[in-house]
Amino acid sequence: MGDAELAGEGAGTRLRTWVGHWELWSGPRGVPAIFLVVEGLAAAVAVIALLRSNYGITEFVRFGSLLGLAFVQAELSRSVERLRRTLCDRPHINMTSVWTFAGVLVLPSGLAVTLGLLIYLHLWLRVWRGMSHRPAYRVVYCAAAIVLSCLASGVIVAGWNGLPVGFTGSLRIVEAAAVFTAANAFIVALSVYLHTGGRSPRSLFGTGDDNLLEVTTLVLGTSTALGIVHAPALVPFVLLPVLVLHRSVLVRQLEIAANIDGKTGVLNAHAWHLLSERALSSAARTKSKLGVLMLDLDHFKQVNDVYGHLAGDVVLKAVATTISEHVRDYDSVGRFGGEEFVVLLPGATETEVIPVAERVRQAVMALEVEVATASGPRIVRGLSVSIGVAVYPSGGTVLERLLHVADTALYQAKNSGRNRVVSFAAA
């Protein structure tokens, strides 16, 4: 065998070893295949767009302006973005749409795609790299999502010679923004579903505040595009509202984090207590009902003993998520301590509270949680909860009394065999 063949074989072995160590392969089932398909599609259409686009001096100047502004904004808000990324437990909305959507509106599709890729590469190198919850393969996937979103919305604005004017032109910009948002949201939601199994709109698409932030970045992106075409000297001033918006979003996230239990993602005991006191005062003024559920995860010590405490934390979070998904949107779920949870149900009578409690109990019974153990991934099954129910005012007129009554009913459920719902009246 010649030296050239040996060198080629050695290079092939190193390549296979490198690919074999990609973190992508350790993702949940289905992630590697779906991610590679999405990224391959994005790469193919990006190359086609680059080859088919026409470029001129004006387009390159606009491209350089947007890329420079994106880099400056990312550098000025590095610490803000890192902290926001750390605090976020759902689809993360960053500021990149300001620049990428502006690129969609004023650049050929090839340059718009390149702009998005370079922005994400810079964020990875300067902001996200080294963050354990931001692995490289997910950044590549998000960059692919941006590429596909840019190209999808670019179809709406294809052939523009500058930005359109008038009512019809404005509608086309809105249409392009809607396509950009829908494409990106769908691709990111697919990733969230594959990683977490979440099905609720909040877990897949974020909260109303998250989506309002995305719309705001698109509005700023439109303003940036208008400035580039009609008043280029004013475009750098767009940095000011973007930086202020980014910082204000962080402040809001910090406020929310102060009220959230770090392990489960539901309200902590203090925040739930304050919210419940206000709801109880409102019920007293309006002479309405109010329900309280107290839930305890049965035999949770066995989960910790068999699978380990880290796996127990995963189970707690899965149970908290399941409870949140099976109560009403305006009910409030909190962690009371250990493996105990509480739920506040404003306006609910006892006949309305019991079905909610039963729905939660059955959902927890059906839960299957994949956890990591020393011997590899395992599935935790056979979970159950005991639930005690109290209703205002029959169960008490102050919060502490309601909690005591619900706790008494909970212990009745425990003592009568667990995995059941017991109301104040039955207890």
Side-chain angles (χ1 to χ4, degrees), residues 58-88 91-107 111-112 114-128 131 134 142-143 146 149-150 153 157 162-165 169-170 173-174 176-178 180-181 184 206-257:
T58 300
E59 284 73 23
F60 280 112
V61 170
R62 291 174 177 176
F63 171 81
S65 300
L66 288 173
L67 187 62
L69 288 170
F71 284 0
V72 170
Q73 180 262 315
E75 290 294 330
L76 292 176
S77 57
R78 281 178 63 195
S79 59
V80 172
E81 175 63 17
R82 286 182 69 86
L83 187 51
R84 282 196 63 226
R85 182 65 260 179
T86 301
L87 292 171
C88 193
H92 176 67
I93 309 298
N94 54 42
M95 298 293 112
T96 57
S97 294
V98 174
W99 319 113
T100 54
F101 187 63
V104 168
L105 298 180
V106 301
L107 296 176
L111 285 181
T114 304
L115 176 69
L117 290 174
L118 291 177
I119 288 173
Y120 267 75
L121 177 62
H122 178 259
L123 282 171
W124 166 250
L125 293 175
R126 296 288 295 161
V127 182
W128 294 331
M131 302 182 74
R134 195 67 170 165
C142 289
I146 288 296
S149 301
C150 287
S153 57
V157 300
L163 287 171
V165 294
S170 300
I173 292 176
V174 171
F180 183 94
T181 302
N184 189 52
T207 64
D209 287 345
D210 294 329
N211 288 282
L212 181 60
L213 174 60
E214 175 68 5
V215 171
T216 304
T217 61
L218 295 177
V219 171
L220 287 171
T222 303
S223 301
T224 302
L226 289 169
I228 282 180
V229 173
H230 300 295
L234 298 178
V235 171
F237 290 100
V238 175
L239 281 171
L240 294 176
V242 174
L243 293 172
V244 171
L245 175 64
H246 204 191
R247 188 169 292 275
S248 66
V249 172
L250 171 62
V251 171
R252 175 60 178 159
Q253 283 185 244
L254 289 170
E255 291 174 348
I256 294 173

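Computed from heavy atoms alone, side chains included, the values below leave out hydrogens, waters and symmetry copies.
Looking at heavy atoms from C-beta onward, Cys150 lies in side-chain contact with Thr100 at the 4.5 angstrom threshold. Using a 4.5 Å cut-off on side-chain heavy atoms (C-beta onward), Met95 and Leu243 make no contact. A 4.5 Å side-chain heavy-atom check between Leu107 and Leu66 finds at least one atom pair inside the cut-off. Annotation: side chain of Leu245 is in contact with side chain of Leu220 (closest heavy-atom distance under 4.5 Å).
When each of Glu75, Gln73, Glu81 is checked for a side-chain hydrogen bond (donor to acceptor under 3.5 Å, both in side chains) with Ser77, only Gln73 meets the rule.
If you take CG on Leu226 and CG on Leu234, they are separated by 12.0 Å, rounding to the nearest 0.5 Å. Rounded to the nearest 0.5 angstrom, Leu105 CG and Arg62 CZ are separated by 11.0 Å. In this structure, CG in Asn94 is found 7.0 Å from CD1 in Ile146, a value given to the nearest 0.5 Å. Taking OG1 of Thr222 as the reference point, atom CZ of Phe101 lies at 4.5 Å (rounded to 0.5 Å). The distance from atom CG of Leu76 to atom CG of Leu240, rounded to the nearest 0.5 Å, is 10.0 Å. Here Leu239 contributes atom CG and His246 contributes atom NE2; the two are 13.0 Å apart, rounded to the nearest 0.5 Å.
Between Trp128 and Tyr120, the gap from one ring centroid to the other is short of 6.0 Å.
Between Gly227 and Val235, the shortest heavy-atom contact is C-CG2, 3.4 Å. Between Ala112 and Gly103, the closest heavy-atom pair is CB-O, 3.8 Å.
For CZ of Arg78, the number of neighbouring non-hydrogen atoms (other residues, nucleotides, ligands) closer than 6.0 Å is greater than 12.
Neither side chain, Thr181 nor Glu214, offers a donor N or O lying under 3.5 Å from an acceptor on the other.
Here the side chain of Arg82 pairs a donor or acceptor atom with the backbone of Val127 at under 3.5 angstrom. Looking only at distances, no side-chain donor or acceptor of Ser153 sits under 3.5 Å from a matching main-chain atom of Phe180.
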(Q) Using the rule given for side-chain contact (heavy atoms from CB on, under 4.5 Å), can you reason through Leu125 versus Leu121, listing the C-alpha separation, both sets of side-chain angles and the distance that settles it, and then say yes or no? (A) CA-CA 6 Å; Leu125 293 175; Leu121 177 62; 4.1 Å; yes
